[in-house]
Amino acid sequence: MNVRPNMLTPSPITSTAVQDVLSHCKSLSHIKQLHAHILRTVSDHNLNTFLFNLSSSSSSISLNYSLSLFSSIPSPPEPFLFNLLLRNLSRSAEPRATILFYQRIRHAGGRLDRFSFTPILKAASKVSALFEGMELHGLALKTAALSDPFVKTAVLDMYACCGRIVEARKAFDEMPQRDVVTWNTMIERYCRCGLLDEAFKLFEEMKCSNVMPDEMILCNIVSACARTGDTRYNRAVYDFLKENDVRMDAHLLTALVTMYAGAGCMDIAREFHTKMSVRSLFVSTAMVSGFSKAGRLEDARDIFDQTGKKDLVCWTTMISAYAESDHPEEALRVFEEMCRYGTEPDEIAMGSVVSACANLGVLENAKWVHELTHRNGFESSLTVNNALINMYAKCGGLDAARDVFEKMPTRNVVSWSSMINAFSMHGEANDALTLFARMKQENVEPNDVTFVGVLYGCSHSGLVEEGKKIFASMSDEYNVTPKLEHYGCMVDLFGRANRLQEALEVIESMPMAPNVVIWGSLMSACRVHGELELGEFAARRILELEPDHDGALVLMSNIYAREHRWDDVRKVRRGMEEKNVFKEKGVSRIDLNGKSHEFLIGDKRHTESDEIYAKLKEVVSELKLAGCVPDGGSVLVDV
DNA sequence: TTAGGGTTAG
């Protein structure tokens with residue numbers, strides 16, 4: 001770089017030349033050379049231009065150099081000289097430097113003008129410097145800069161960012177006039193600290209005050225609506241946008257798509273999604289997630305396939321979509337594809353793969369995925385290990401689940417609950433209770449999920465008294481309010497133990513309305529114990545809630561059949577056929593030497609079907625000899 | 001020679 005046209009008599013360079021040369025300065029020594037040249041030409045004007053241009057740069061070298069220049073100026077500088085520097089310091093990675101510089105100006109007896117306040121206040125907001133912010137507020141009041149709406153909005157924002165939302169609102173209320181930016185600042189800050197109702201109230205007030213909301217404000221309102229999870233707001237927003245013909249930019253569309261996708265309104269989400277000219281990965285991932293939650297896997301896959309460069313979150317969304325909707329094989333395929341494309345899984349991605357394997361229910365696959373987690377370095381990951389416990393439990397690998405649990409370096413309440421649930425699922429209620437006691441010894445607070453596991457174990461193993469005690473301890477000892485599923489466990493506990501009256505009492509004493517599952521539990525208990533009258537009562541309650549409930553309809557027709565009310569039987573059966581209601585069939589699956597064998601009721605598809613039925617006959621006759629008589633009551637008409 | 005507001009996925 002050569003900024004010296006003549007070594008002996010340097011001539012002054014023009015402002016544009018200063019700007020141009022400065023833009024080519026790559027290091028501190030370049031800047032110093034230029035500075036030296038300007039000093040030798042003794043031009044105040046050029047020095048100011050030099051300062052301006054230094055201050056307008058975003059590089060920290062230039063900003064630091066202009067700071068050092070200011071400290072060498074003997075008399076207090078005029079605001080027009082440093083306002084640009086304040087602005088760029090406040091936007092830099094070190095906003096605190098703005099406040100330090102401001103303090104130096106004050107110390108040197110310099111004054112601020114209305115343009116100086118906003119960047120310093122902004123810096124105070126960024127670093128939560130409430131004390132300095134308040135000082136500036138006072139100073140603005142004294143110098144009448146506060147009459148400037150920009151300064152007032154910055155003061156408001158400073159209070160809100162420093163956690164003083166009440167003071168922010170006070171500043172807002174004191175403003176004689178508010179434009180759309182002021183309204184938005186206040187609304188956005190309310191949203192940020194979770195005061196959504198206040199934000200909505202203010203939005204309504206704003207509309208009454210004849211200020212038209214713009215896309216930024218609507219963006220905030222939409223995101224607030226999404227956060228409430230209250231779908232009534234969604235419709236209101238939609239109508240407002242349609243009625244007012246609002247212009248929509250990418251931010252607003254993003255907020256809209258994520259809100260509607262999150263709420264499961266996928267057709268509206270798609271409407272906005274197609275309006276986007278550039279679709280960010282965020283938005284596409286939100287669409288994939290929304291479609292998969294709405295059970296529309298093919299639509300989810302379409303969006304996923306249309307998405308160009310995918311990141312880990314996007315891949316994971318698709319993997320869990322398949323894992324959670326009974327397509328575990330597809331989940332594993334997508335995972336393998338992701339790895340082929342060179343995306344390394346993290347804990348969450350790995351957890352989704354593990355839960356896909358859990359739903360596959362095949363122990364061989366479970367072992368394979370377990371190895372995979374080790375190969376990827378997740379041996380000590382809490383979430384992955386928790387998922388492994390659940391996976392092994394669902395795949396019949398109780399010992400493997402226990403092994404994972406015992407080897408975990410750290411455990412949380414999820415780990416304990418998962419292991420307790422694993423024991424309960426396998427009918428090992430005593431082990432579940434022992435583990436529950438150990439959990440207590442190790443001072444891990446149980447949560448509602450833990451109690452579902454413990455109570456489930458008790459009900460399946462007939463530990464009625466133990467179950468009663470534990471249920472009572474929930475609120476007495478642990479401050480966990482029983483939910484619907486806990487009452488369900490209690491109904492099941494009494495029902496299985498043929499204490500049907502007590503089961504009914506649980507239902508009657510519940511603080512919430514019993515659902516189909518609760519009545520269903522009572523109904524099956526009645527069927528098993530031949531309590532037809534109470535069973536019919538439960539079945540009727542179910543049919544009130546869900547007229548096509550297969551189990552209740554089958555039970556009703558069986559009851560009528562026992563009583564030889566054949567007309568009623570035919571009526572129920574015909575109704576079921578007309579409405580295409582079929583008893584959902586339970587599937588049994590056995591994995592043998594890496595092969596999975598599936599059986600339905602009356603199923604003859606298996607290649608060794610004849611041998612299997614012959615063996616079954618043998619077993620049943622041995623059972624009869626041992627005094628066990630199969631109950632044909634519930635298959636009277638069903639078969 | 002300058003100024004105040006935004007969204008978002010597993």
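Throughout, protein chains are lettered first and strands after them, A, B, ... in sequence-line order, and every chain is numbered starting at 1.
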CE of A:Met276 to CG of A:Leu256: how many Å apart, nearest 0.5 Å?
-> 9.0 Å
Does a side-chain N or O from A:Arg192 land closer than 4.0 Å to OP1 or OP2 of B:dG6, or not?
-> yes
Nearest-0.5 Å distance, CZ of residue A:Phe200 to OH of residue A:Tyr233 = 5.0 Å
Tell me which donor-acceptor pairs under 3.5 Å the side chains of residues 120-129 of chain A have, and how far apart each pair is, sequence neighbours excluded?
residue  : atom : partner  : partner atom : Å
A:Ser125 : OG   : A:Leu121 : O            : 2.9
A:Lys126 : NZ   : A:Ser90  : O            : 2.8

Who are the salt bridge (charged side-chain N to carboxylate O under 4.0 Å, His left out) partners of A:Asp230, not counting sequence neighbours?
-> A:Arg232
Would you give me the side-chain donor-acceptor pairs under 3.5 Å for residues 211-220 of chain A, sequence neighbours excluded?
residue  : atom : partner  : partner atom : Å
A:Asp214 : OD1  : A:Met216 : N            : 3.3
A:Asp214 : OD1  : A:Ile217 : N            : 3.1
A:Glu215 : OE2  : A:Arg247 : NE           : 3.3
A:Glu215 : OE2  : A:Arg247 : NH2          : 2.5
A:Asn220 : ND2  : A:Asn184 : OD1          : 2.9

SB check A:Glu174 A:Lys170 (cutoff 4.0 Å) | yes
Contacts to DNA chain B from residues 297-310 of chain A, heavy-atom cutoff under 4.0 Å, which residues?
-> none
Base, sugar-phosphate, or nothing: which does A:Arg91 touch, judged by heavy atoms less than 4.0 Å apart?
-> sugar-phosphate
Could you give the NZ-to-C1' distance, from A:Lys126 to B:dG4, as a whole number of Å?
-> 13 Å
In residues 146-173 of chain A, which ones come under 4.0 Å of DNA chain B, going by heavy atoms?
-> A:Asp148, A:Phe150, A:Thr153
Check: A:Asp113/A:Ser116 side-chain N/O donor and acceptor closer than 3.5 Å | yes
Specify the residues of residues 316-331 of chain A, ordered by number, for which at least one heavy atom lies under 4.0 angstrom from an atom of DNA chain B.
-> A:Thr316, A:Thr317
Does a side chain donor of either A:Thr450 or A:Asn447 reach within less than 3.5 Å of an acceptor in the other side chain?
-> yes
Heavy-atom contacts under 4.0 Å between residues 253-283 of chain A and DNA chain B, which residues?
-> A:Thr254, A:Thr258, A:Phe282
Can you check whether any acceptor in the base of B:dG4 is under 3.5 Å from a donor in the side chain of A:Asp179, or vice versa?
-> yes
OP1, OP2 of B:dA3 versus side-chain N and O of A:Arg114: anything below 4.0 Å?
-> no
Rounded to whole angstrom units, what separation is found between the CD atom of A:Glu215 and the P atom of B:dG5?
-> 16 Å
Gap between atoms CZ and P, on A:Phe80 and B:dT2 respectively (whole Å) | 13 Å
Donor-acceptor pairs under 3.5 Å, side chain of residues 100-107 of chain A to any protein atom, not counting sequence neighbours: which ones?
residue  : atom : partner  : partner atom : Å
A:Tyr102 : OH   : A:Glu135 : OE2          : 2.5
A:Arg104 : NH2  : A:Leu67  : O            : 2.9

Whole Å only: how far is the CE atom of A:Met216 from the C1' atom of B:dT8?
-> 16 Å
Name the nucleic acid region contacted by A:Val180, choosing base, sugar-phosphate or nothing; use a 4.0 angstrom heavy-atom cut-off, strictly under.
-> base
Determine the contact category for A:Leu121: base if any of its heavy atoms lies under 4.0 Å from a base atom, sugar-phosphate if only primed atoms, P, OP1 or OP2 are that close, otherwise nothing.
-> nothing
Which of these passes side-chain contact (heavy atoms from CB on, under 4.5 Å) with A:Leu195: A:Leu202, A:Ile165, A:Ile187?
-> A:Ile165
So what does A:Leu312 hit on the nucleic acid, given a heavy-atom distance under 4.0 Å: a base, only sugar-phosphate, or nothing?
-> base
When rounded to whole Å, the CG to P distance for the pair A:Asp311 and B:dG10 reads 12 Å
Got a second to check how far A:Leu382's CG is from A:Arg411's CZ, nearest 0.5 Å?
-> 10.5 Å
Pair A:Phe172 and A:Trp183, ring centroids less than 6.0 Å apart = yes
To the nearest angstrom, the CE-P distance between A:Met175 and B:dG4 comes to 14 Å
Under 4.0 Å between a Lys/Arg side-chain N and an Asp/Glu carboxylate O for A:Glu243 and A:Lys207?
-> no
From the options B:dG4, B:dT2, B:dG6, select the nucleotide whose nearest atom is closest to the side chain of A:Val181.
-> B:dG4
Ionic contact status for A:Asp302 with A:Arg296, cut-off 4.0 Å | no
Atom-pair distance (CG on A:Leu202; C1' on B:dG5), nearest Å = 13 Å
Does A:Thr182 make a side-chain N or O approach to OP1 or OP2 of B:dG5 shorter than 4.0 Å?
-> no
Output every pair passing ring-ring contact (aromatic ring centres under 6.0 Å, His included) with a member in residues 325-348 of chain A, not counting sequence neighbours, ordered by first then second residue.
-> A:Trp315-A:Tyr341
B:dG6 C1' sits how many Å from A:Ile217 CD1, rounded?
-> 10 Å
So the salt bridge (charged side-chain N to carboxylate O under 4.0 Å, His left out) pairs with at least one residue in residues 189-199 of chain A (sequence neighbours excluded) are A:Asp157-A:Arg189, A:Glu188-A:Arg192, A:Glu198-A:Lys201
Strand contacts (DNA chain B) in residues 333-350 of chain A, 4.0 angstrom heavy-atom criterion = A:Asp346, A:Ile348, A:Ala349
What residues form a ring-ring contact (aromatic ring centres under 6.0 Å, His included) with A:Tyr159, not counting sequence neighbours?
-> A:His137
